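If you're wondering where the values come from, they're calculated on a predicted model, not measured in any experiment. These values consider heavy atoms only, across backbone and side chains, with no hydrogens, waters or symmetry-generated copies.
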There are 2 protein chains.
Amino acid sequence: MLIFELMKNQNDIAVYLNQHGIKKTAFRVELLDLFFSNSSLTQEEIKEQIKETKNKVTIYRALEAFEKKGIIHKVPDINNVMRYALCQVGCCSEEAHTHNHIHFICKSCKSTYCIEEVKIPNINLPEGYQKEGVRLTVEGVCPRC
Amino acid sequence: MLIFELMKNQNDIAVYLNQHGIKKTAFRVELLDLFFSNSSLTQEEIKEQIKETKNKVTIYRALEAFEKKGIIHKVPDINNVMRYALCQVGCCSEEAHTHNHIHFICKSCKSTYCIEEVKIPNINLPEGYQKEGVRLTVEGVCPRC
DNA sequence: ATTACAAACGCAACTTAGTTGTGTTAAAAA
DNA sequence: TTTTTAACACAACTAAGTTGCGTTTGTAAT
């Protein structure tokens, strides 16, 4: 069950924000709504599409809050532009963003997908390397494109 | 055989630059020399250590040239800061940077290692995804730290 | 050795991402 | 209704990276 299937209207979104300890302001509702219809966004894409504010600080602080509360997470794309994407249910929490899954970034539509079905294979490093985190990003063309 | 084992003095470095179609200027020799003693560098680290120029444009254009000629390549670190690292022999060329290897970034000393010994395992994506490129970054602690 | 040409340099000016501080507004809890 | 605190807006700032252009210098051809 994906989160966005649960989100039918503005009220649901407001409740969702509240559950994560975030106040429902017109802007933050609009922003979260935007995330439910875009699998990932850059700050630039957000700025273009948001009506409620023109202020970049407001946008950054909202993204910061969303991330801290486990609603979204950051994934740098192939050109090192930061993309923000919704966390799937159970994937992230206020404490930790677990990213033991593959990120797929579509070259064409720029969507970021968290491929939950495929686990990152175990990587055996040479002697002496202590592995703590792994990030695997695949670029290509997504099913929709 | 690693490149830096071949590089004993300034003259070797000048020859190496020449072989890649880059003019030997005091700054570019110094920069390449710096790469032979640091497995990876950020532009900030470069600026700190370079004597020959204070000009950031000069630095960026040199990095650009080095990359285009297959001498170095770019690897974003865990905090999305761009790191520049020497290409191993046969790894990259003027045409293409083949990155079918793992990048290891040390949390402690910030070194970036290209782990040539370990190939990126094959990733089977769900139906519909067309894979074109894979980037695998491991963070942790390196043998030296 | 001299010239000629392109590569490299330096400077100024610019763009864009992201940050910090501060005073004000508004949502939600008391 | 009052109080508290999150969220907002604005200004000012830093840092990365880019573009244009006139000048200098390495190198290859004469």
Side-chain angles (χ1 to χ4, degrees), chain A residues 10-11 13-34 40-48 50-84 94 110, chain B residues 10-11 13-34 40-48 50-84 94 110:
Chain A
Q10 301 282 92
N11 193 54
I13 289 173
V15 169
Y16 189 71
L17 282 175
N18 234 287
Q19 285 171 346
H20 287 81
I22 291 170
K23 285 182 184 171
K24 71 157 232 286
T25 64
F27 159 62
R28 291 190 175 198
V29 169
E30 192 191 357
L31 180 61
L32 186 51
D33 200 14
L34 200 62
S40 83
L41 294 157
T42 62
Q43 58 87 16
E44 205 185 341
E45 289 161 359
I46 292 168
K47 243 187 330 196
E48 280 166 13
I50 284 285
K51 306 266 145 47
E52 283 294 335
T53 189
K54 269 99 198 61
N55 193 286
K56 62 178 176 172
V57 181
T58 303
I59 295 172
Y60 277 110
R61 288 191 172 143
L63 292 171
E64 199 177 66
F66 282 17
E67 199 199 357
K68 219 172 70 187
K69 301 295 183 170
I71 296 176
I72 61 168
H73 61 256
K74 295 198 269 189
V75 192
D77 83 357
I78 250 65
N79 302 312
N80 228 33
V81 175
M82 202 51 88
R83 304 197 70 86
Y84 301 87
E94 185 150 357
K110 306 292 178 197
Chain B
Q10 302 281 93
N11 193 53
I13 289 174
V15 169
Y16 189 70
L17 283 174
N18 235 286
Q19 284 170 345
H20 287 82
I22 290 171
K23 284 182 184 170
K24 69 156 232 287
T25 64
F27 159 61
R28 291 190 176 199
V29 169
E30 193 192 358
L31 180 60
L32 186 50
D33 202 14
L34 199 60
S40 83
L41 294 157
T42 62
Q43 58 86 18
E44 204 185 341
E45 290 161 359
I46 292 168
K47 246 191 321 200
E48 280 165 11
I50 283 286
K51 307 263 147 46
E52 283 294 334
T53 189
K54 271 100 195 62
N55 193 286
K56 62 178 173 171
V57 180
T58 303
I59 295 172
Y60 276 110
R61 286 189 175 144
L63 292 172
E64 199 177 66
F66 282 17
E67 200 199 357
K68 220 174 66 185
K69 302 295 184 170
I71 295 176
I72 60 169
H73 61 257
K74 295 198 271 189
V75 192
D77 82 356
I78 250 65
N79 302 311
N80 229 32
V81 175
M82 201 53 87
R83 305 196 70 88
Y84 301 86
E94 185 150 358
K110 306 292 177 197

Asks: How close do B:Leu17 and B:Lys23 get, counting heavy atoms only, and between which atoms?
Replies: CD1-O, 4.3 Å
Asks: Quick check: closest heavy atoms across A:Leu32 and A:Tyr16, and the distance to 0.1 Å?
Replies: CD2-CD2, 3.5 Å
Asks: Pick base, sugar-phosphate or nothing for A:Lys24, based on heavy-atom distances below 4.0 Å to the nucleic acid.
Replies: sugar-phosphate
Asks: Could you give the angle between the helix axes at the two ends of the helix from C:dA1-D:dT30 to C:dA30-D:dT1, with five pairs per end, rounded to 10 degrees?
Replies: 30°
Asks: Which pair of heavy atoms, one from B:Val57 and one from B:Asn55, lies closest together, and at what distance?
Replies: N-OD1, 2.9 Å
Asks: Return the 5'-most residue of the pair A:Lys54, B:Glu64 with respect to DNA chain D, ranking by each residue's nearest nucleotide.
Replies: A:Lys54
Asks: Need two values: the first and the last nucleotide of DNA chain C, 5' to 3', having an atom under 4.0 Å from any heavy-atom of chain B.
Replies: C:dA6 to C:dA12
Asks: I need the NZ-P distance between A:Lys23 and D:dC8, as an integer number of Å.
Replies: 10 Å
Asks: Output the rounded distance in Å from CD1 (A:Ile71) to P (D:dA6).
Replies: 15 Å
Asks: Pick base, sugar-phosphate or nothing for A:Arg28, based on heavy-atom distances below 4.0 Å to the nucleic acid.
Replies: sugar-phosphate
Asks: Calculate the interatomic distance between B:Glu45 atom CD and D:dA15 atom C1'; express it in whole Å.
Replies: 15 Å
Asks: Grab the CE-P distance between A:Met82 and D:dG17 for me, whole Å please.
Replies: 13 Å
Asks: Looking at A:Thr42 and A:Val81, what are the two nearest heavy atoms and their distance?
Replies: CG2-CG1, 3.7 Å
Asks: Taking 4.0 Å as the cut-off, does a side-chain nitrogen or oxygen of B:Thr25 come that near to OP1 or OP2 on D:dG26?
Replies: no
Asks: Any idea which heavy atoms bring B:Glu67 and B:His73 closest together, and the distance?
Replies: CG-CA, 4.1 Å
Asks: Nearest 0.5 angstrom please: B:Leu34 CG to B:Phe27 CZ, how far?
Replies: 9.5 Å
Asks: Tell me: CG of A:Leu17 to P of D:dT5, nearest whole Å?
Replies: 21 Å
Asks: Under a 4.5 Å cut-off applied to non-hydrogen side-chain atoms, are B:Glu64 and B:Lys68 in contact?
Replies: no
Asks: Would you name the heavy atoms of A:Ala14 and A:Lys24 that are closest together and state the gap between them?
Replies: CB-CD, 3.5 Å
Asks: Could you tell me the separation between the CG atom of A:Asn55 and the C1' atom of D:dA7, rounded to a whole number of Å?
Replies: 11 Å
Asks: Rounded to whole Å, how long is the line connecting atom CD of B:Glu52 with atom P of D:dT24?
Replies: 18 Å
Asks: Whole angstroms only, please: what is the CD-P distance between B:Gln19 and D:dT27?
Replies: 13 Å
Asks: Report the residue (A:Ala65 or A:Val57) whose heavy-atom-nearest nucleotide on DNA chain D is the more 5′ of the two.
Replies: A:Ala65
Asks: Using the salt bridge (charged side-chain N to carboxylate O under 4.0 Å, His left out) rule, take B:Glu45 and B:Arg83 through it: C-alpha gap first, then chi angles, then the decisive distance, then the call.
Replies: CA-CA 10 Å; B:Glu45 290 161 359; B:Arg83 305 196 70 88; 2.9 Å; yes
